[in-house]
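Structure first, commentary second.
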Amino acid sequence: MERHEIEAFLTLADELHFRRTSERLGLAQGRVSQTIKKLERRIGVPLFERTSRRVTLTPAGRQLRDDLAPAYRAVQEAIARAVAAGRGVTGTLRVGFSAAWSNELVVLAADVFRARYPGCGVQVREVQLADPFGPLRAEQLDVQLTEFPVAEPDLVTGPTIFSEPRGLIVPAKHPLMRQASASVEDMARLPMVVMSGEIPQYWLDHHYPRHTPQGRPIVHAAACTYWQEVLTLVSMGRGASPAALRAARYHMRPGIAYLPLRDADPINYGLLWRRTGATARVMAFAETVCEIAGNPGSPPNVLRTGSSSPAES
């Protein structure tokens with residue numbers, strides 16, 4: 001198999017969507033389709049089942065993916081390490097995180113990174129949600145692990161590294177606590193305590209919506225600059241606040257409780273860096289984070305865009 005055939009096959013096996021595969025590879029969709037058909041003729045069996053609505057791997061395709069992917073990743077990682085060493089992964093890498101549970105992954109990745117690149121130090125610091133991109137833009141940080149979505153023209157996002165279920169922080173004695181979980185519709189039943197600051201409106205709309213899916217208004221009663229203020233106001237009965245459910249392990253205090261939001265989309269977390277700051281250090285660290293998070297098949301410098309429809313059209 002030639003390199004372009006391996007890349008086309010493994011990328012399509014990951015995406016199960018011809019258009020997204022072509023976007024990731026930077027090739028015409030027809031070129032990807034032709035490459036896959038040529039590979040199937042050479043092997044003698046179909047590798048994918050295609051319909052107008054979906055693309056799936058055949059048993060032979062799954063076997064080839066499972067056998068081929070680890071070896072291909074090893075080759076890619078060896079090349080990346082050689083390139084990074086040639087460019088000089090030295091100096092100091094400054095890494096930011098915006099949630100305590102992100103810090104765990106960042107610290108672990110930093111330890112692995114230091115062992116892999118002993119000539120490069122790593123500094124880690126927390127980023128306040130009130131100014132999520134300020135330190136990165138001020139060049140106080142080189143790379144950041146943060147909540148998505150991020151759609152800033154001067155910043156680049158890598159793949160989603162992990163996701164967390166959403167929950168609702170509510171006063172401990174609120175009637176909602178009689179339930180095992182809450183619905184997004186329940187957010188209209190009490191005012192919301194939200195974050196404020198140098199935060200893009202699209203980010204606020206995503207995490208602190210103004211209406212439920214059924215159109216009921218969600219009242220924003222108080223805006224806070226720091227996360228501890230949110231917890232204080234909720235504990236005082238001033239309202240509730242959406243958050244990652246995992247926050248209960250890190251931010252618990254008297255007067256508040258965490259309730260799962262059973263019908264809410266999870267919160268996605270990923271890497272972020274300046275468009276002009278894709279240095280060898282940043283790319284090497286991003287690769288390390290993806291590897292530790294169990295996402296080694298997602299190159300950190302590939303942007304994922306497009307619709308979720310899997311059809312080849």
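Model, not experiment: these values are computed from the prediction.
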key: Min side-chain heavy-atom separation Leu141-Val95 under 4.5 Å   = no
ask   = Do the side chains of Leu108 and Val282 join up, straight or via other hydrophobic residues, at under 4.5 Å, putting them in one cluster?
value = yes
Leu57 to Arg65 - nearest heavy-atom pair and separation = CD1-NH1, 3.3 Å
ask   = Hey, what do you get for CD1 (Ile267) to CZ (Phe148), rounding to the nearest 0.5 Å?
value = 13.0 Å
query = Any idea which heavy atoms bring Ala180 and Leu259 closest together, and the distance?
reply = O-CD1, 3.8 Å
query = Side chain of Ser33, backbone of Gln29: donor and acceptor closer than 3.5 Å?
reply = no
ask   = Any luck finding a side-chain donor-acceptor pair between Trp101 and Tyr269 under 3.5 Å?
value = yes
query = Are the side chain of Arg210 and the backbone N or O of Pro217 linked by a donor-acceptor pair below 3.5 Å?
reply = no
query = So, the side chain of Asp66 versus the backbone of Gln63: is there a donor-acceptor pair under 3.5 Å, distance only?
reply = no
query = Considering all heavy atoms of both residues, which atom of Gly91 and which atom of Arg281 are nearest to each other, and what is their separation?
reply = CA-NH1, 4.4 Å
Same apolar cluster (I L V M F W Y, side chains within < 4.5 Å links), Met236/Val194 = yes
task = State, yes or no, whether a side-chain contact exists between Pro171 and Val234 at a heavy-atom distance under 4.5 Å.
result = yes
ask   = Do Ile292 and Leu105 come close enough that some side-chain heavy atom pair is under 4.5 Å?
value = yes
task = Give the C-alpha distance, both sets of side-chain angles, the deciding distance and a yes or no for salt bridge (Lys or Arg N to Asp or Glu O under 4.0 Å) between Glu139 and Arg94.
result = CA-CA 9 Å; Glu139 300 188 12; Arg94 299 159 303 173; 5.8 Å; no
ask   = Distance-only, no hydrogens or angles: does the Tyr258 side chain make a donor-acceptor pair with backbone N or O of His251 under 3.5 Å?
value = yes
ask   = Can you check whether Met195 reaches Tyr226 side chain to side chain, under 4.5 Å on heavy atoms?
value = no
request  = State, with a plain yes or no, whether a side-chain heavy atom of Ile6 is found less than 4.5 Å away from one of Leu10.
outcome  = yes
task = Mind checking the CG-CG spacing from Leu168 to Leu261? Nearest 0.5 Å is all I need.
result = 5.0 Å
request  = To the nearest 0.5 angstrom, please state how far the OG1 atom of Thr90 sits from the OH atom of Tyr117.
outcome  = 12.5 Å
task = Report the C-alpha separation of Asp154 and Arg137 in whole Å, then their side-chain angles, then the decisive distance to 0.1 Å, and conclude whether the salt bridge (Lys or Arg N to Asp or Glu O under 4.0 Å) test is met.
result = CA-CA 8 Å; Asp154 59 328; Arg137 285 176 167 144; 2.8 Å; yes
inquiry  = I'd like to know if the side chain of Thr58 reaches the main chain of Leu47, judged simply by a donor and an acceptor atom lying under 3.5 Å from each other, with no hydrogens or angles considered.
reply    = yes
inquiry  = Is there a side-chain contact (heavy atoms from CB on, under 4.5 Å) between Met177 and Lys173? Walk through the geometry before answering.
reply    = CA-CA 7 Å; Met177 288 308 300; Lys173 296 182 179 180; over 6 Å; no
ask   = Is Val150 reachable from Leu136 through a run of I, L, V, M, F, W or Y residues, each pair having side-chain heavy atoms under 4.5 Å apart?
value = yes
ask   = Side chains of Thr212 and Glu185: do they bring a donor and an acceptor to under 3.5 Å?
value = yes
note = Exactly one candidate in Val106, Thr157, Ile161, Thr160 meets side-chain contact (heavy atoms from CB on, under 4.5 Å) with Leu271; the answer is Ile161
ask   = Going by the salt bridge (Lys or Arg N to Asp or Glu O under 4.0 Å) test, which pairs reach into residues 244-260, not counting sequence neighbours?
value = Glu104-Arg246, Glu164-Arg246
ask   = Shortest non-hydrogen contact from Val127 to Asp131?
value = CG1-O, 3.8 Å
inquiry  = Assess whether a salt bridge exists between Glu49 and Arg62, defined as any Lys/Arg side-chain N lying under 4.0 Å from an Asp/Glu carboxylate O.
reply    = no
key: Any side-chain heavy-atom pair of Arg216 and His211 under 4.5 Å   = no
query = Looking only at side chains, do Glu147 and Ser98 share a donor and an acceptor under 3.5 Å apart?
reply = yes
task = Kindly compute the distance separating OG (Ser181) from CZ (Arg262), expressed to the nearest 0.5 Å.
result = 4.0 Å
inquiry  = Distance check, rounded to the nearest 0.5 Å: Asp111 atom CG versus Phe113 atom CZ?
reply    = 12.0 Å
request  = Mark yes or no for whether Glu5, through its side chain, and Glu2, through its backbone, hold a donor-acceptor pair below 3.5 Å.
outcome  = yes
query = Looking only at atom types and distance, does a side-chain atom of Arg20 sit under 3.5 Å from a main-chain N or O of Glu15, one as donor and one as acceptor?
reply = yes
Partner residues of Tyr202 under the ring-ring contact (aromatic ring centres under 6.0 Å, His included) criterion, sequence neighbours left out = none
ask   = Does Pro149 reach the side chain of His207, with side-chain heavy atoms less than 4.5 Å apart?
value = yes
request  = Apply salt bridge (Lys or Arg N to Asp or Glu O under 4.0 Å) to Asp14 and Arg24, showing your working.
outcome  = CA-CA 11 Å; Asp14 180 34; Arg24 279 181 60 179; 2.6 Å; yes
request  = May I ask you to test the Asp205-Pro209 pair for a side-chain heavy-atom distance under 4.5 Å?
outcome  = no
key: Sequence neighbours excluded - ring-ring contact (aromatic ring centres under 6.0 Å, His included) pairs with any residue from residues 25-48   = Phe9-Phe48
inquiry  = I'd like to know if Val122 and Val112 are part of one continuous hydrophobic network [Ile/Leu/Val/Met/Phe/Trp/Tyr, side-chain heavy atoms within less than 4.5 Å].
reply    = yes
ask   = Any salt bridge between Glu291 and Arg116, counting N to O under 4.0 Å?
value = yes
query = Same cluster for Val143 and Phe162 if Ile/Leu/Val/Met/Phe/Trp/Tyr side chains link at under 4.5 Å?
reply = yes
task = Inspect the surroundings of CZ in Arg31 and state if more than 12 heavy atoms from other residues, nucleotides or ligands are less than 6.0 Å away.
result = no
ask   = Okay, side chain of Asp263, backbone of Val184: is any donor-acceptor separation there less than 3.5 Å?
value = yes
query = Closest heavy-atom contact between Ala240 and Val170?
reply = CB-CG1, 3.9 Å
remark   = Heavy atoms of Tyr208 and Ser241 approach each other most closely as CE2-OG, 4.0 Å
inquiry  = What verdict does the side-chain contact (heavy atoms from CB on, under 4.5 Å) test give for Phe133 and Glu152, after you've listed the backbone C-alpha separation in whole Å, the side-chain angles of each residue and the deciding distance to 0.1 Å?
reply    = CA-CA 9 Å; Phe133 313 132; Glu152 303 295 306; 3.8 Å; yes
query = Where do Leu64 and Ile43 land on the side-chain contact (heavy atoms from CB on, under 4.5 Å) test, with the steps shown first?
reply = CA-CA 10 Å; Leu64 182 61; Ile43 294 177; 3.8 Å; yes
request  = Please report the C-alpha distance between Asp186 and Gln179 in whole Å, then the side-chain angles of each, then the deciding distance to 0.1 Å, and finally whether the side-chain contact (heavy atoms from CB on, under 4.5 Å) criterion is met.
outcome  = CA-CA 11 Å; Asp186 289 325; Gln179 307 173 184; 3.6 Å; yes
message = If I take atom CG from residue Leu16 and atom OG1 from residue Thr11, how far apart are they, to the nearest 0.5 angstrom?
response = 11.5 Å
